Amino acid sequence: MANTETHAKTHASNPWPLGAVSRSAAAAVAAFVAWRRAIAGRRALADLTPHELRDIGCPELSAPKFVVRVGLMTDLMSMR
């Protein structure tokens with residue numbers, strides 16, 4: 001699905017306080033929209049099977065990995 005956005009440019013002069021407030025509000029809205037898109041993208045990828053992920057050219061989602069080095073249990077038991 002293609003994502004299209006349109007932006008209207010205005011060249012009207014804004015008083016400084018209103019311009020700063022509108023710019024900060026626009027930045028907050030843009031950050032919120034970007035966050036929502038990121039969440040929606042992660043949810044869409046999470047619903048796909050590994051076969052479907054390979055079909056679209058996306059590597060399989062990396063699950064959190066817990067790496068335990070050799071001898072860790074021995075070290076922990078010796079501290080006990």
Side-chain angles (χ1 to χ4, degrees):
M1 173 168 59
N3 182 20
T4 59
E5 297 179 7
T6 58
H7 299 279
K9 292 187 177 186
T10 59
H11 296 286
S13 62
N14 288 334
W16 182 80
L18 288 178
V21 170
S22 71
R23 279 192 299 276
S24 65
V29 169
F32 178 73
V33 168
W35 175 75
R36 291 282 304 200
R37 281 190 184 148
I39 296 296
R42 275 189 241 132
R43 285 183 183 159
L45 287 177
D47 292 339
L48 296 177
T49 65
H51 180 69
E52 291 171 329
L53 287 171
R54 280 191 303 273
D55 283 347
I56 64 172
C58 184
E60 292 185 26
L61 294 177
S62 60
K65 295 182 180 167
F66 184 69
V67 178
V68 178
R69 66 178 177 81
V70 176
L72 177 64
M73 289 308 295
T74 306
D75 293 342
L76 292 174
M77 292 302 288
S78 68
M79 289 182 205
R80 191 172 163 204

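On a predicted model such as this, the values are computed, not experimentally measured, just so you know.
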Note to self: Tell me which pairs pass ring-ring contact (aromatic ring centres under 6.0 Å, His included) where either residue lies in residues 33-52, with sequence neighbours left out.
What the structure shows: Phe32-Trp35

Next item on the list: Determine whether Met73 and Val67 fall in the same hydrophobic cluster, where Ile, Leu, Val, Met, Phe, Trp and Tyr are linked whenever their side-chain heavy atoms lie under 4.5 Å apart.
Entry: no

Check: Of all residues at least two apart in sequence or in a different chain, which pass the side chain to side chain contact (heavy atoms under 4.5 Å, CB included) check with Arg69?
Finding: Leu72, Asp75

Check: Given the rule that I, L, V, M, F, W and Y join up when any side-chain heavy atoms are under 4.5 Å apart, are Val70 and Leu76 in one cluster?
Finding: no

Check: Applying salt bridge (charged side-chain N to carboxylate O under 4.0 Å, His left out), which residue pairs with at least one partner in residues 27-36 are found, sequence neighbours left out?
Finding: none

Checklist line | Spacing of Leu45 atom CG and Glu52 atom CD [to the nearest 0.5 Å] | finding: 10.5 Å

